[in-house]
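Residue numbers begin at 1 in each chain, while the letters A, B, ... track the order of the sequences. The model shown is predicted, which means the values in this text are computed figures rather than measured ones. Hydrogens, waters and symmetry mates are skipped; everything else that's a heavy atom, side chains included, is used.
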2 protein chains.
Amino acid sequence: MFSVPTRTQYGIRALVHLAMSEARSSTSAEIAKAQSISPKYLEGILGQLKNSGLVLSERGAHGGYRLAREPEAIRMLEVVEALEGEVKPVGCLEDSVHCDFDVGCLPRRFWSGLKETIDEYFASKTLKDVIET
Amino acid sequence: MFSVPTRTQYGIRALVHLAMSEARSSTSAEIAKAQSISPKYLEGILGQLKNSGLVLSERGAHGGYRLAREPEAIRMLEVVEALEGEVKPVGCLEDSVHCDFDVGCLPRRFWSGLKETIDEYFASKTLKDVIET
DNA sequence: GTTATTCCTATCGGAATGCTAGGAATATAG
DNA sequence: CTATATTCCTAGCATTCCGATAGGAATAAC
Ligand code: FES
Ligand code: FES
């Protein structure tokens with residue numbers, strides 16, 4: 001249960017790779033090979049990270065990707081939200097949407113607490129924490 | 001992200017229903033109607049909860065389901081594991097399985113910490129906590 | 001033996017996931 | 001200016017998973 005999509009796992013591995021080779025920029029193909037990730041698939045993932053402002057890119061020969069900020073300034077919550085959207089255990093956590101449970105929705109608070117717990121974990125970790133064993 | 005399958009949501013709603021009507025036993029159809037859950041689908045879910053020893057059942061006329069223990073003795077971790085299996089964010093958390101990341105696997109600890117965080121949340125809540133607002 | 005119920009197994013449509021393909025845009029090198 | 005290296009964009013596809021449904025067998029009460 002709660003399995004993390006490969007998209008997110010790969011995205012994080014890619015960021016780890018970039019963090020380890022800071023300064024110089026790495027190409028998508030290089031990262032894919034080093035991390036055993038399907039090259040074309042990774043291209044799309046890096047695109048997402050770029051659109052979210054987590055990495056910078058340069059096109060053309062000698063192009064590639066590098067981190068937009070230092071690892072300690074990249075919160076993992078940002079990363080997972082960039083890759084898979086907000087953590088939302090159950091759909092009914094949106095405002096004003098309520099299930100039709102007649103006696104009022106008891107599980108709601110339970111799920112809401114779960115979301116907070118997960119969000120806090122992700123928010124408390126930075127990319128630097130991830131690469132430092 | 002991290003959306004909880006309806007299977008688990010329904011299972012918990014069913015347990016809540018049973019907890020609210022303790023002592024007397026409720027039929028699957030009755031719970032399904034009260035909770036707006038597909039009746040046949042719920043049958044299977046209750047079967048799982050029964051096989052995990054969380055609810056007791058009686059067959060035949062006047063049969064039905066009831067909690068196997070009091071709500072305060074039912075940890076939510078047991079419930080979610082009964083319904084969806086162990087919380088396992090990434091497959092590589094199993095012992096001795098290691099990804100082929102060449103410089104050693106840095107994200108591993110990150111995922112492991114996530115699993116612990118989620119498990120602790122579920123383990124800290126009982127069914128009684130869920131029904132008490 | 002009739003009725004109410006749990007229990008078992010099989011199946012199915014639709015959505016999501018993980019991945020692949022092809023090529024356009026863009027930058028560098030020579 | 002051309003060849004090359006790279007990001008970027010869009011479409012499509014195979015497989016798996018999810019949520020749900022169907023039919024009926026077993027069992028217990030009355
Ligand atoms: S509002 Fe989510 S189960 Fe009720
Ligand atoms: S052991 Fe899981 S990503 Fe490496």
Side-chain angles (χ1 to χ4, degrees), chain A residues 1-14 18 24-68 80 83-85 88-92 99, chain B residues 1-14 18 24-68 80 83-85 88-92 99:
Chain A
M1 199 199 185
F2 283 116
S3 66
V4 173
T6 59
R7 179 171 224 82
T8 302
Q9 299 183 46
Y10 294 168
I12 291 175
R13 297 232 295 265
L18 291 178
R24 73 185 181 81
S25 71
S26 314
T27 71
S28 174
E30 174 192 333
I31 301 173
K33 191 175 181 191
Q35 299 284 335
S36 314
I37 299 172
S38 159
K40 274 295 199 180
Y41 192 29
L42 180 60
E43 270 187 31
I45 295 169
L46 286 167
Q48 271 184 286
L49 292 172
K50 192 223 159 189
N51 291 334
S52 308
L54 289 166
V55 305
L56 303 176
S57 67
E58 264 180 314
R59 316 226 274 192
H62 279 75
Y65 297 90
R66 59 199 170 84
L67 294 182
V80 308
L83 292 168
E84 300 286 340
K88 181 162 44 173
V90 294
C92 47
C99 67
Chain B
M1 200 200 184
F2 283 117
S3 65
V4 174
T6 59
R7 178 173 224 81
T8 302
Q9 299 184 45
Y10 294 168
I12 291 176
R13 296 234 295 266
L18 290 178
R24 72 184 182 82
S25 72
S26 314
T27 71
S28 173
E30 174 192 334
I31 301 172
K33 192 175 180 190
Q35 300 283 334
S36 314
I37 299 172
S38 158
K40 274 295 200 180
Y41 192 29
L42 181 60
E43 270 186 30
I45 296 170
L46 286 167
Q48 272 184 284
L49 292 172
K50 192 224 159 186
N51 291 335
S52 307
L54 289 167
V55 305
L56 304 176
S57 66
E58 264 180 314
R59 315 227 277 192
H62 279 76
Y65 297 89
R66 60 201 169 84
L67 294 181
V80 308
L83 291 167
E84 300 285 340
K88 182 163 44 172
V90 295
C92 48
C99 68

Ring geometry between A:Tyr41 and A:Tyr10 (parallel below 30°, tilted from 30 to 60°, perpendicular above 60°): perpendicular

Range on DNA chain D touched by chain B, heavy atoms, distance below 4.0 Å: D:dG19 to D:dA29

Heavy atoms of other groups near A:Arg66 CZ, more than 12 under 6.0 Å: no

Test log, rule side chain to side chain contact (heavy atoms under 4.5 Å, CB included), inputs B:Leu54 and B:Gln48: CA-CA 9 Å; B:Leu54 289 167; B:Gln48 272 184 284; over 6 Å; no

Minimal non-hydrogen separation, A:Arg13 against A:Gln35, with atom names: NH2-O, 2.8 Å

Pairwise distance CG(A:Leu83) to OG(A:Ser52) - rounded to 0.5 angstrom: 7.0 Å

Atom-pair distance (CD1 on A:Ile45; C1' on C:dT20), nearest Å: 13 Å

Residues touching DNA chain D, which here means a heavy atom under 4.0 Å, drawn from residues 50-68 of chain A: A:Lys50, A:Ser57, A:Glu58, A:Arg59, A:Gly60, A:Ala61, A:Gly64, A:Tyr65

Phosphate contact (C:dC19 OP1 or OP2) by A:Thr6 side-chain N/O below 4.0 Å: yes

Distance in angstrom units between B:Arg24 CZ and C:dT5 P, rounded: 12 Å

Atom pair distance, as rounded to whole Å: NZ in B:Lys40 and C1' in C:dA10: 12 Å

Between C:dT17 (P) and A:Gln48 (CD): distance, integer Å: 11 Å

Which atom of A:Tyr65 lies closest to which atom of A:Val55, heavy atoms considered: CD2-CG2, 4.0 Å

Atom-pair distance (CZ on B:Phe2; P on C:dT17), nearest Å: 12 Å

Interatomic distance, B:Thr27 atom OG1 to B:Glu58 atom CD [nearest 0.5 angstrom]: 13.0 Å

Spacing between B:Tyr41 atom OH and C:dG14 atom C1', to the nearest angstrom: 14 Å

Rounded interatomic separation in angstrom, taking NZ from A:Lys88 and P from C:dA16: 12 Å

Interatomic distance, B:Leu56 atom CG to B:Leu49 atom CG [nearest 0.5 angstrom]: 11.5 Å

